[in-house]
Amino acid sequence: TTEIYTLSLHDALPILTFKQLIAAVKKAGYEASPLVEGEPIERATKSAWLRLALVIYGLVTFMVLMALAMDMTSLEPSAAAFLSLVIATPAQLLVGWEFYRSAFKAALNRTSNMDTLVALGATAAYLYSVWAVWAGEQQLYFDGAIGVMSIVLVGRTLEAFATGRASGALKALMKLAPKQASLLTA
């Protein structure tokens with residue numbers, strides 16, 4: 001998830017303490033921490049830049065795998081298949097880490113989410129392709145596994161940048177609000 005939510009406790013709700021609230025959020029598979037002024041936007045922006053780096057890595061890997069799959073190299077098919085395995089494995093782990101982590105947390109909570117679907121589909125394509133390399137098959141789906149994860153990450157990255165900009169714009173707009181207002185009656 002790319003969103004950061006702010007929650008404040010009021011004296012009207014004495015049932016929950018701050019520590020209990022953080023524990024409940026973490027048990028649900030999310031991160032929770034005390035708010036530091038200005039930190040959510042900075043953290044979201046840093047996360048978006050990291051995700052952008054993973055997207056670029058994933059898309060470059062996808063293009064290389066597509067070139068290998070379409071036999072655009074002078075490699076023997078078995079060498080191209082093995083090279084695809086070598087190139088796809090780190091990409092599967094690095095690009096897919098966010099999906100695997102989220103799917104695992106969802107499974108611990110006996111639920112599923114979109115990341116579960118992406119992780120299952122990409123893992124199925126990857127594992128079939130690993131088997132196909134060792135079995136000497138020519139139909140590999142490494143590119144599909146990396147491509148799906150990269151495309152979903154592109155969407156999340158764009159969302160994170162847009163959310164960060166919108167949050168910054170709203171904060172700037174709220175600073176323009178007057179501190180005091182006078183009511184004029186006729």
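These numbers come from the heavy atoms of this one structure, side chains and all, not from hydrogens, waters or symmetry mates. In this text, all values refer to a predicted model and were calculated from it rather than measured experimentally.
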- Taking all atoms of both residues into account, what is the closest heavy-atom pair of M149 and G96, and its distance? SD-CA, 3.3 Å
- Message: Within this structure, what is the CD1-OG1 distance for the pair I56 and T61, rounded to the nearest 0.5 Å?
- Response: 11.5 Å
- Query: Taking atom CG of D115 and atom CD of E98, what is their separation to the nearest 0.5 Å?
  - Reply: 6.5 Å
- Task: With rounding to the nearest 0.5 Å, note down the distance linking OG in S78 to CD in Q138.
- Result: 7.5 Å
- Message: When you compare the side chain of T89 with that of F142, does any pair of heavy atoms fall below 4.5 Å?
- Response: no
- What about M114 and V55, same hydrophobic cluster or not, with Ile/Leu/Val/Met/Phe/Trp/Tyr joined at side-chain heavy-atom distances under 4.5 Å? yes
- Item | Co-membership, hydrophobic cluster, residues Y141 and L85, 4.5 Å side-chain | no
- Item | Same cluster (ILVMFWY, side-chain, under 4.5 Å), L120 and Y126 | no
- Query: Among the clusters formed by ILVMFWY side chains lying less than 4.5 Å apart, do L127 and L93 turn up in the same one?
  - Reply: no
- Would you kindly confirm whether V148 and L153 end up in one hydrophobic cluster when ILVMFWY residues are joined by side chain heavy atoms under 4.5 Å apart? yes
- Query: Would you say the side chain of L59 lies within less than 4.5 Å of the side chain of S150, judging by non-hydrogen atoms?
  - Reply: yes
- Minimal heavy-atom distance between A125 and S129, with the atoms involved, is O-OG, 2.8 Å
- Message: If you apply the rule side chain to side chain donor-acceptor pair (under 3.5 Å), what do you find for Y100 with T123, and how did you get there?
- Response: CA-CA 9 Å; Y100 292 126; T123 301; 2.8 Å; yes
- Rounded to the nearest 0.5 angstrom, the CE-CG distance for M63 and D143 is 12.5 Å
- Could you pull out the closest heavy-atom pair between A122 and A145, with the gap in Å? O-CB, 3.4 Å
- So CG of N113 and CZ of F99: to nearest 0.5 Å the spacing works out to 10.5 Å
- Under the ring-ring contact (aromatic ring centres under 6.0 Å, His included) criterion, do Y128 and W131 qualify, and how do the steps go? CA-CA 5 Å; Y128 170 80; W131 171 83; 5.6 Å; yes
